[in-house]
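Before we start, here is the structure in question, set down as structure tokens.
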Amino acid sequence: MLSLRDFWRRHRRKIFVTVGVLGSGYLLYKLYDANRRRDADLERVFAEREKFIKAQMQAHFENIQKIADTTTLPHVMNYLSSQIAEELDHSQLIERLQKAKGQPNSLTPSEKLELWDRLKILSFTRMVLSLWAMTMLSLYIRVQVNILGRYLYIDTARILGSSYSLENDDIIDRDDEQKFLASADFLSNRGMPTLISDMQTAAIEVLKGKQVALDFFNTTALHETTMQILERFKSIRSPHHWVNYIMPEDAIFYPSSDNKIPSDVTKFDKLMVETRSVLASAEFGSVVEKSLKEVLDALVEDLAAQSGGSLTSGMLLAKILPRVAQMGPILLNEPSKNRYIQIIQSIPEVELFFTLIYTNMPTS
């Protein structure tokens, strides 16, 4: 029987090799385990940092959304409502027609007909213009908020050291934010005269030949007439007819032929360029059409309800006009109480559209 010494002498080399292999394997395992733990720790740190970034971004975004919902949109709607009431005032027409009831000889038949015709045009112009302006401004401000929110996310990620490579981007400051959101006043301040003129032209063409004392309107006729005015209005300045009513064309530079924005352009200008690009897109056009249709459907339903069912069977146009005229202020009511704005916000296609805006990272 071999002694332990003889065994060691004969197998010493194999034992050293085996121990070496086992030791190396153990060392490699320890290195692997250390690297794995380090990678796991780094992943956890990155995940926590990304979570923190998203929380910071979400808080800022919600603050901007709150400002838009509670300040920007109510201010714009209120100002717009006052301006439409002033520019399309029909109170004098109504007073003259009411006075003529008590004094039959105060107006000739042709003068009465002219007053009724003017009231017809003003009433429909007010309602359809209010419908269009409310829809466009609520969509426009949401475009602003989602574009601004995305840029703020990128800025926050850059400040906190995220993996985004944005060395060439400057940070949006509070002045840029306020200036950008304040641009929603453009329609009321500068776009309104052209908008009123074009909408009134459309109303005159569509309502021509419709006699207030002879023509009967039901819900179908009212819906079709309003839609015809909207379609005629759209054709006046197509394509993308809505853009120049609500955005300053002279304040927007246009990208070069390679679609790259010059490096010396401010962040505010970049925001405006992207907003204009979104508004001119086919996708936004589809959202506008869907929103206008949904609001118009609800509007006709409300008018039918107000008439106690009479509009469903048919009413003289003269009796419908007061209700039509009253819908303007209702359409531009306080956003938090405005069911038409809530209808727009609940449309699935609208929600999807704004989700895509928010998640679309800019390439410039």
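Residues take their numbers from the sequence shown, with the count starting at 1.
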How long is the straight-line distance from CE of M136 back to OG of S291, given to the nearest 0.5 Å?
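Atom-to-atom, S291:OG and M136:CE are 9.0 Å apart.
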Considering residues, nucleotides and ligands other than R232, do more than 12 of their heavy atoms fall under 6.0 Å from its CZ?
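Above 12, so yes.
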With no hydrogens and no angle check, do the side chains of Q144 and T72 hold a donor and an acceptor under 3.5 Å apart?
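Checked: Q144/T72 side chains show no N/O donor-acceptor pair below 3.5 Å.
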For residues R323 and K319, report the shortest heavy-atom separation together with the two atoms involved.
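Heavy atoms of R323 and K319 come nearest at NH1-O, 3.6 Å.
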Show the nearest heavy-atom pair for residues L131 and L331, with the distance to one decimal.
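Minimum heavy-atom contact is N-CD1, 3.6 Å.
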Y140 and F186: aromatic ring centres closer than 6.0 Å?
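So the answer is no for these two rings.
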What about I204 and V212, same hydrophobic cluster or not, with Ile/Leu/Val/Met/Phe/Trp/Tyr joined at side-chain heavy-atom distances under 4.5 Å?
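Result: yes, single cluster for both.
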Atom pair CD1/CG of I320 and N218 - distance to nearest 0.5 Å:
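Rounded to the nearest 0.5 Å, the CD1-CG separation comes to 8.0 Å.
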Report yes if some heavy atom in the side chain of M77 is under 4.5 Å from a heavy atom in the side chain of P335; otherwise report no.
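Side chain of M77 against side chain of P335, heavy atoms only: contact under 4.5 Å found.
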In Å and rounded to the nearest 0.5 Å, what is the OG1 to CD distance from T135 to E289?
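These two atoms lie 10.5 Å from each other.
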Could you state the interatomic distance from CD1 (I196) to OG1 (T201), rounded to the nearest 0.5 Å?
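So the CD1 of I196 and the OG1 of T201 are separated by 11.5 Å.
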Nearest heavy atoms of R126 and D89, plus distance in Å
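For R126 and D89, the tightest heavy-atom pair comes out as NH1-CA, 4.4 Å.
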Is it true that D117 and K120 make a salt bridge, defined as a side-chain N closer than 4.0 Å to a carboxylate O?
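Yes, D117 and K120 are salt-bridged.
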Would L93 and L316 show up in the same hydrophobic cluster when neighbours are defined by side-chain heavy atoms closer than 4.5 Å?
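Hydrophobic grouping puts L93 apart from L316.
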Could you tell me which non-hydrogen atom of L97 sits nearest to which non-hydrogen atom of K112, and how far apart they are?
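Scanning both residues completely, I find the closest heavy atoms to be CD2-O, 4.3 Å.
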Indicate yes or no: at least one non-hydrogen side-chain atom of E283 is less than 4.5 angstrom from one of V278.
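E283 does not reach V278 side chain to side chain.
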Within the distance-only criterion (no hydrogens, no angle test), does the side chain of S277 pair as donor or acceptor with the backbone N or O of V273 below 3.5 angstrom?
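Side chain of S277 to backbone of V273, a donor-acceptor pair under 3.5 Å: no, none is there.
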Mind running side chain to side chain contact (heavy atoms under 4.5 Å, CB included) on L271 and K179 for me, showing each step along the way?
CA-CA 10 Å; L271 291 169; K179 186 179 178 182; over 6 Å; no
Identify the heavy atoms of Q306 and M327 that sit nearest to each other, and give their distance.
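Smallest interatomic distance, heavy atoms only, reads NE2-SD, 3.8 Å.
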For the backbone of F180 and the side chain of S183, can you confirm whether one donor and one acceptor N or O come within less than 3.5 Å of each other?
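Checked: pair present.
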Under the criterion side-chain contact (heavy atoms from CB on, under 4.5 Å), which of I341, L80, L129 is the partner of L332?
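So the option named by the test is L80.
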Quick one: do E177 and K267 make a salt bridge, cutoff under 4.0 Å?
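Salt bridge absent between E177 and K267.
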Counting C-beta onward and ignoring hydrogens, is there a side-chain heavy-atom pair between V350 and L139 closer than 4.5 Å?
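Sidechains of L139 and V350: in contact.
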Answer yes or no: is there a donor N or O on one side and an acceptor on the other, between the side chain of Q83 and the main chain of S188, under 3.5 Å?
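Yes: the side chain of Q83 pairs with the backbone of S188.
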Using the rule given for side chain to side chain contact (heavy atoms under 4.5 Å, CB included), can you reason through L292 versus M227, listing the C-alpha separation, both sets of side-chain angles and the distance that settles it, and then say yes or no?
CA-CA 9 Å; L292 288 172; M227 184 58 72; 5.9 Å; no
Tell me if a side-chain donor or acceptor on W132 pairs with a main-chain N or O of L230 at a distance below 3.5 Å.
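No; zero donor-acceptor contacts below 3.5 Å.
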Does any part of the side chain of I330, heavy atoms only, come nearer than 4.5 Å to the side chain of Y340, both counted from C-beta?
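The answer is yes; the side chains approach within 4.5 Å.
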Check E231 with K234, please: is the shortest side-chain N to carboxylate O separation under 4.0 Å?
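Salt bridge present between K234 and E231.
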May I ask you to decide whether E294 forms a salt bridge with K290, counting only side-chain N to carboxylate O separations under 4.0 Å?
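Here E294 pairs with K290 in a salt bridge, since their nearest N and O are under 4.0 Å apart.
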Among the clusters formed by ILVMFWY side chains lying less than 4.5 Å apart, do Y79 and L195 turn up in the same one?
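No.
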H223 side, atom NE2; L303 side, atom CG - distance, nearest 0.5 Å:
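Nearest 0.5 Å value for the NE2-CG distance: 11.5 Å.
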Report yes if some heavy atom in the side chain of F124 is under 4.5 Å from a heavy atom in the side chain of L321; otherwise report no.
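Yes, close enough: below the 4.5 Å cut-off.
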Below 4.5 Å, heavy atoms only, C-beta onward: do V288 and F284 meet side chain to side chain?
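In contact.
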Side-chain heavy-atom pair T226, V300 within 4.5 angstrom cut-off:
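Not touching, per the 4.5 Å side-chain cut-off.
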Sidechain-backbone polar pair: S307 side chain, A304 backbone, donor-acceptor under 3.5 Å
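Side chain of S307 to backbone of A304, a donor-acceptor pair under 3.5 Å: yes, one is there.
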Could you check if a side-chain atom of M134 sits within less than 4.5 angstrom of a side-chain atom of N333, using non-hydrogen atoms only?
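The answer is no; the side chains never approach within 4.5 Å.
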For a quick test of reading the model, state the closest non-hydrogen atom pair linking A325 to S123 and the distance between them.
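For A325 and S123, the tightest heavy-atom pair comes out as CB-OG, 3.8 Å.
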Atom pair CG/OG of L115 and S110 - distance to nearest 0.5 Å
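Spacing of CG (L115) from OG (S110) equals 9.5 Å.
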Please work out whether the ring planes of F233 and Y245 are parallel, tilted or perpendicular, with thresholds of 30° and 60°.
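Parallel.
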Apply salt bridge (charged side-chain N to carboxylate O under 4.0 Å, His left out) to D297 and list each qualifying residue two or more places apart in sequence or on a separate chain.
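Counting only residues at least two positions away or on another chain, D297 forms a salt bridge (charged side-chain N to carboxylate O under 4.0 Å, His left out) with K293.
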Test item: side-chain donor near acceptor, R190 and N244, under 3.5 Å
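No - no donor-acceptor pair under 3.5 Å links their side chains.
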